[in-house]
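Below is one structure, written out as structure tokens; the observations come after it.
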Amino acid sequence: MSTQVDAPELGYLVSGQGNAFDMDQETTPELRWPNSIQVFDKMRRTDSQVTSVLRAVTLPLKRTTWRLDPNGASDDVVGFVARELNLPVVGRAATPSARTRGRFSWTEHLNQALLAMPLGFMPFEQSYRIGDDGLAHLRKLAPRPPASVQEIKVARDGGLEWIQQMRDPSTPPGVELKMPVSSLVVYVCDKEDGNWLGNSILRSCYAPWMIKQAMLRLAPQVVERNGMGVPVVEAPAGATDEELEKGRKMASSFRAGPHAGMSLPAGWKFTLAGVAGQLTDPMPLINYCDAQIGRSVLAHFLNLDGKGGSYALADTQADLFIQSLQTRADWIRDVANAHIIEDLVDINFGEDTPAPRLVFDEIGARHPATAAALAQLTQMGLLYPDRELEEFLRQMHGLPPKDPKTSSAPEPEPLPEPVAAPKPAPSPDGEPVALSASARRRRRRQAARKEAACPT
């Protein structure tokens with residue numbers, strides 16, 4: 001069966017009008033877009049465990065070092081992209097950082113891009129300026145909050161076509177805030193098929209979060225109602241309805257305090273009735289919900305309770321968690337390479353020009369620079385204690401800088417130049433002494449065959 005190379009696609013990935021709202025498969029009404037944005041935003045802002053989980057999955061990505069790999073690109077292209085993103089280049093000496101005001105900041109962009117994890121997606125609009133050199137410089141990647149997005153148009157093959165924002169009072173009349181995909185950089189968390197709304201990492205912990213909120217609202221009531229008991233006013237036999245209503249009001253108005261008290265008519269009784277049986281404790285259920293919130297992002301170690309045995313699993317759990325962080329960083333890297341760096345190179349140098357790649361240090365691979373580790377590296381000859389290293393160690397340990405006038409310690413000497421090994425002296429038969437006897441015999445046989453083949 002032959003295949004037509006230029007044949008158009010007959011099938012589709014997205015049916016209907018390609019509206020992102022129609023593709024939302026969420027069954028919980030409050031979690032359907034755009035209502036989901038408000039719910040997930042409330043979760044990350046009001047719950048301490050959710051905040052801890054989000055910081056656990058975002059801070060390592062922010063703290064790791066991001067660099068540019070030349071990837072076969074020319075020095076001019078690599079230098080241009082490095083200056084635009086203000087990032088160091090792999091294998092090259094660090095250069096002074098450029099002024100940040102009015103320039104693109106990768107750190108700030110990364111902070112905004114990571115909002116795609118709790119909110120599902122995070123779009124940015126590219127903004128360039130033409131410099132004096134005639135090149136298009138990246139002025140900024142302007143964030144477009146998901147809460148302001150009105151419509152997302154998706155093509156039949158699942159590709160993004162455009163995103164439209166809601167109109168605001170400053171929007172000129174007749175202007176639609178519709179941004180084409182060519183001017184967008186969109187980070188979509190756990191994208192499936194053509195669903196550009198993404199999947200929030202908080203979706204799987206929504207149920208335990210709801211239960212926890214109910215328990216937190218119930219806990220103060222349990223303490224208030226049962227901490228001092230329920231006030232009970234007992235009327236004597238034959239009391240009228242008016243007297244019973246008066247007793248009910250006295251019981252309802254009773255409040256505990258340093259000067260609390262009550263005066264009753266003769267024959268009346270007042271008691272604080274406690275709960276019969278075991279009092280329901282909401283804390284085990286709250287702790288269970290916190291544990292489920294941590295498990296939703298593989299952060300099991302956030303729930304270690306210190307009761308013995310739990311810490312034995314910490315390393316194994318942390319390894320799995322670090323692998324998930326590495327995958328998240330790969331996702332950020334791939335989107336930035338395709339829609340930030342390659343767009344910069346395409347606009348200024350052409351689509352066939354090799355482009356550098358964004359890379360990052362492996363998360364969890366950095367080891368602390370302890371004194372024992374530095375001593376071992378120095379003894380093995382892998383580290384040389386030069387002046388720059390000494391100043392760094394002094395600063396790290398809070399020691400004063402070295403004063404060359406008063407310091408008695410000698411300055412570190414430079415490494416000696418490598419000396420070439422002397423050539424071995426020849427033996428009486430003209431062969432090097434370093435050769436074995438069998439090797440010398442083999443060389444003599446080769447020389448004899450060469451002379452026989454080429455007689456003079």
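In this chain, residues are counted from 1 in sequence order.
A donor-acceptor pair under 3.5 Å is absent between the side-chain atoms of Asn86 and the main chain of Ser105, judged by distance alone. The backbone N or O of Gly198 sits nowhere less than 3.5 Å from a side-chain atom of Glu192 that would complete a donor-acceptor pair. A donor-acceptor distance shorter than 3.5 angstrom exists from the side chain of Asp24 to the backbone of Trp33, with no hydrogens or angles considered. A donor-acceptor pair under 3.5 Å is absent between the side-chain atoms of Glu161 and the main chain of Lys153, judged by distance alone. Formation of a donor-acceptor pair under 3.5 Å by the Asp157 side chain with backbone atoms of Gly159 is found in this model.
Ring-plane geometry between His137 and Phe80 is classed as tilted, the angle between the planes lying from 30 to 60 degrees on a 0 to 90 degree scale.
Side-chain atoms of Thr28 and Glu26 form a donor-acceptor pair, as typed in the model, at a separation below 3.5 Å. The closest side-chain donor-acceptor pair between Asp168 and Thr171 falls under 3.5 angstrom.
Here CG of Asp319 is found 12.0 Å from CG of Leu298. Values are rounded to the nearest 0.5 Å. Note that the CG atom of Asp47 and the OG1 atom of Thr51 stand 6.5 Å from one another [nearest 0.5 Å].
Contact of the Val186 side chain with the Met122 side chain is not registered, since no non-hydrogen atoms from C-beta on lie closer than 4.5 Å.
At a threshold of 4.0 Å, the pair Lys140-Glu108 does not count as salt-bridged, since none of the basic side-chain nitrogens sits closer than that to a carboxylate oxygen. A salt bridge links Arg144 with Glu125: the distance from a Lys NZ or Arg NE/NH1/NH2 to an Asp or Glu carboxylate oxygen falls below 4.0 Å. Ion pairing of Asp190 with Arg328 is present here, as a side-chain N (NZ or NE/NH1/NH2) and a carboxylate O approach within less than 4.0 Å. The pair Asp361-Arg67 meets the salt-bridge criterion, since a charged nitrogen lies less than 4.0 angstrom from a carboxylate oxygen.
Heavy-atom minimum distance, Val50 versus Arg44: CG1-CA, 3.7 Å.
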Verdict with reasoning, Ile340 to His109, per side chain to side chain contact (heavy atoms under 4.5 Å, CB included): CA-CA 11 Å; Ile340 300 178; His109 173 72; 3.6 Å; yes
